[in-house]
Structures are given as structure tokens and as C-alpha cells.
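Have a look at the structure below before the remarks.
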Amino acid sequence: MRFASRAHPARVVSFRDALFTGLAPDGGLYHPVEVPDLGGLFRAVDDSTSFPELACRMGTALLAPELDTDRVGRIVRRAFPFSPVLRRLDRNILLLELFHGPTCAFKDFGARFLAAAMEDFLATEGGRETPAGAPGVRGPRADAPQAGAPRLSARPAHIQILVATSGDTGSAVAHAFHGMANIDVVILYPSGRVSELQEKQLTTLGGNVHALEVRGSFDDCQRLAKEAFGDPALCQGLRLTSANSINIGRLLPQCFYYAFGATRRSELGGATPVICVPSGNFGNLTAGVYAWHWGLAARGFIAATNVNDVVPRYLSSGRFNPRASTRTLSNAMDVGNPSNFERLEEVFEGDWKKMASLIDGRSVDDTRTVQAMKKISRECGVLVDPHTAVGCQAAWDFLEQRSGGSGDQVIVLSTAHPGKFSDIVRDATGVSPELPERLAQCLALPKESHLLGTALPELRELLLERFS
Ligand SMILES: *Cc1c(COP(=O)(O)O)cnc(C)c1O
């Protein structure tokens with residue numbers, strides 16, 4: 001599979017280059033330029049196919065010949081020591097739990113595949129130097145040898161991942177890269193503006209994970225990261241690489257769990273499911289729509305948002321009007337201008353009617369989110385986090401209005417563990433969710449971070465001193 005930006009569809013790049021550069025040289029997002037047919041693969045999968053096996057088959061079908069089965073298998077085994085779990089909620093709804101990874105949210109799937117793939121490329125390419133001026137390629141060189149012709153050396157290539165985070169993305173990325181030999185991770189987070197649990201997840205790993213606590217806002221962190229990527233001294237002295245959510249290396253692996261959920265045929269009673277996706281930046285839904293585009297049997301999708309409903313409005317009106325985001329209980333979905341929207345648009349060739357015939361947009365406000373958490377706790381005996389609750393309520397609304405019959409099956413993606421949002425869940429339901437062991441452990445560890453101002457020179461000096 002090869003990738004290009006929308007403005008320059010003929011300038012195709014390999015998976016490897018899309019992975020290490022993040023954005024195309026013209027500043028656009030990478031889109032897949034081919035439409036592979038995985039229909040046969042999906043039909044051959046059944047309830048006995050394990051998640052790693054399915055991920056390996058899909059990954060090979062998408063990434064060969066650039067990556068062969070052995071390499072995809074190695075990356076998948078490294079990335080996914082955990083699996084999604086499909087659990088029945090009521091007669092019509094199944095939850096696909098995506099929170100069994102190290103940071104208890106679905107972002108672990110994308111971040112860990114990205115990290116494992118980068119590590120594999122770096123190890124395979126060894127210490128080949130990066131000739132200066134390779135267009136648009138930050139990090140290892142575009143024409144470095146592929147599988148079959150590795151040239152290893154004593155000093156493997158070393159890169160630094162730089163990410164700004166408002167909380168959850170940073171911890172998924174930090175955990176994904178933790179302990180990798182040729183990669184350092186630098187996290188910029190706003191001092192005093194992340195929860196204690198989020199801060200502990202960022203600052204207790206140590207080793208190759210460096211947490212920088214910025215005396216400022218999330219916007220300051222983002223601006224600092226942007227300035228660092230454009231800074232000549234840093235570009236010369238280091239190999240700064242980004243790992244943000246628009247990276248195709250985070251998006252592609254999310255297709256794997258859609259295929260996993262939609263092919264558990266006995267749990268679905270043979271029905272072709274509708275898949276409901278709690279959405280903010282719309283990376284998750286885009287991955288599902290890719291899987292459908294490539295042949296996965298799904299009756300359609302529900303785009304479930306909180307009051308930040310730019311996409312549901314587009315689906316009903318054909319007009320896309322981004323606006324400032326509003327704060328809600330499902331704060332990982334507080335996005336007013338979803339950056340993956342153009343990828344969705346591309347699949348439907350800009351035709352909103354086509355998009356609206358596949359995707360049903362639903363918005364759920366905080367009051368109904370709380371009611372949904374309460375109802376699910378009382379009637380189903382299950383605690384869900386506020387993001388998953390938005391999805392469940394949207395699914396009920398859909399079933400009430402658009403149901404094709406009582407045998408309808410909706411798979412709601414459960415994007416985070418309720419223990420990550422314990423205050424909100426307890427206030428809504430009166431029940432305290434258990435904190436998973438791995439989160440409880442990091443709460444007990446001492447925080448290690450470095451305080452930093454909001455001006456670039458201080459960050460530049462620190463990075464050069466530590467890494468060049
Ligand atoms: C990031 C996130 C979302 C939104 O996913 P997008 O891909 O940005 O649409 C939903 N739920 C949780 C818990 C998240 O962390």
C-alpha cells in the first residue's frame with residue numbers, strides 16, 4: 001500500500017516514509033492511494049481466528065511487499081499482547097472493549113503498532129546515515145534497504161519522538177515506546193492541567209521516556225512542539241519525529257479490531273452489524289470506514305459525538321462548519337474541527353449523500369450521557385466510561401428510529417476503561433469503578449518530570465544537551 005496527500009496524488013510514498021514523516025511535504029494528510037480487496041480474507045476469518053492472527057493477515061495484505069508476513073507478525077506480536085473483547089450488553093447491543101492495553105484506552109492499538117513498526121524499521125535499517133536534504137523526510141532515509149537487504153551496524157539509527165499532549169494521547173505514546181532501544185520519547189504536557197492519574201502515567205515510566213512539564217496551556221505545548229520541528233538547530237542535531245494521531249501508522253492498525261468484531265459471527269447471531277463509534281477527531285471512525293471500503297461486511301456506521309457535533313450536522317445538511325470546541329464529560333471527544341474528516345471525505349469522493357447513506361450521525365449531550373451510564377449500570381450491571389456511554393445512547397436512539405428489525409445488532413466501540421474516569425462514573429451511577437491494577441500501580445510511584453517555560457530556546461538547549 002502506498003500513500004499520498006490529496007493535493008498531490010501522484011507523489012506516492014511507502015508506508016515507511018508515511019510513518020516517519022507523519023505529514024506529506026505539502027503539509028497534507030496521507031491517504032491510501034489503493035483500494036485493496038480484502039473481502040476474501042474477511043470471509044475466511046471466523047470466531048476461532050485470534051486477534052493477532054487476524055491482524056497479521058490483514059497487515060500483510062495491506063503492507064506487502066514492503067513488509068512480509070514475518071515482519072508483520074513480529075510487529076503485531078510486539079504491539080498487541082492484549083486483544084479486544086466482545087461483550088453482550090443487551091439484546092441488540094454488543095460492546096467491543098478496546099481498553100485492555102497498558103493505558104486502558106483504544107489509543108494503545110494505534111500507538112503500539114506505530115511504535116513497533118518504527119522500531120522494526122530502525123533495527124532493520126541499522127546505522128545507515130541520513131543524507132541531508134532528503135525531501136520531506138525527517139528521520140531515516142527514504143531509500144534505505146527494505147526487508148531482505150538489511151545492513152546492520154554497531155550503531156543503529158536513533159530517533160526522538162516529540163509529542164504534545166493534553167493527557168491521554170501522551171500516555172498511550174509514552175507506554176508504546178517505553179523501553180525501545182533506538183527511540184527516545186519526549187512528552188510536553190501542561191503543568192497542573194492534566195489529572196493526577198494522567199500525569200502519573202506520563203511521569204513514572206523513566207528510561208527512554210522524558211516528561212517535560214510546561215508552565216503553560218496545552219496550546220503552548222503544541223506550539224512548542226511545532227516550533228521544535230521547524231527549528232534548524234534541532235533538525236540538524238537530532239532526528240525529531242512526531243507520533244500524533246494523524247499518522248497513518250496509528251490509523252491503519254485500528255482497522256484490525258473492526259474486522260475482529262464484525263467477524264465474530266456466532267456472537268452476532270449471523271447478523272451483519274451496524275458499528276457505532278464514539279468520535280472526536282474521527283480517526284477511529286475513519287479506520288472502520290476504510291475496513292468497510294476494503295470489503296468488511298458492515299450494514300453501516302453510527303458517528304456518535306457529544307455536543308461537539310460538527311460531523312453529525314454535516315451528515316444531515318451537507319455543510320461542514322468547524323467551530324471552537326465545548327467542554328464535556330467525554331473530554332477526549334471535545335473536538336471542534338476534526339482533522340481526519342478529510343480522510344473520510346476522500347473515501348466518498350466528496351459526496352456527502354454517499355457518506356450519509358453509510359454513516360448515521362448522532363449527538364448526545366452530557367445530561368443524556370449521565371442517564372445512559374446510570375441506565376447501563378442499573379439494567380445491565382455494567383459500568384461504562386462517558387465516551388462509551390455516548391456511543392450506547394446513540395445506538396439506542398438509532399435502534400428506536402432506524403431499526404431494520406428486532407434482530408438488529410449494533411457493535412458499540414468501548415473506547416476507555418471506566419476506572420480512568422472514576423469520578424464521573426461514580427457521580428453518575430453511585431458505584432465506584434475498580435481501577436485496573438496497572439493504573440493503580442503507577443499512582444503509587446514518584447513523579448519524575450522537568451519543569452520548562454514556554455519559549456523554544458529552553459527546550460532546544462535541553463533536547464540538544466540530552467540527545468545530540
Ligand atoms: C481519543 C478518544 C476518542 C475519540 O477518538 P477519535 O479517533 O479522535 O474520534 C474516544 N474515546 C476515548 C476514550 C478517546 O481517548
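Counting starts at 1 for both ligands and their atoms, following the listed order.
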- By side chain to side chain donor-acceptor pair (under 3.5 Å), Asn281 pairs with (sequence neighbours left out) Ser339
- Message: So if I only count non-hydrogen atoms and take anything under 4.0 Å from ligand 1, which residues does that give, chain by chain?
- Response: Phe106, Lys107, Pro278, Ser279, Gly280, Asn281, Phe282, Gly283, Asn284, Ala332, Met333, His387, Thr415, Ala416
- Quick one: salt bridge (charged side-chain N to carboxylate O under 4.0 Å, His left out) partners of Glu379, sequence neighbours excluded? none
- Query: Distance under 6.0 Å and angle within 45° of the ring axis: does Arg193 meet both against Tyr189?
  - Reply: no
- With distance as the sole criterion, is a donor-acceptor pair present between the side chains of Thr454 and Asp220 under 3.5 Å? no
- Item | Contacts of type side chain to side chain donor-acceptor pair (under 3.5 Å), residue Asp309, not counting sequence neighbours | Arg313, Arg323
- Between the side chain of Gln160 and the main-chain N/O of Arg239, is any donor-acceptor distance below 3.5 Å? yes
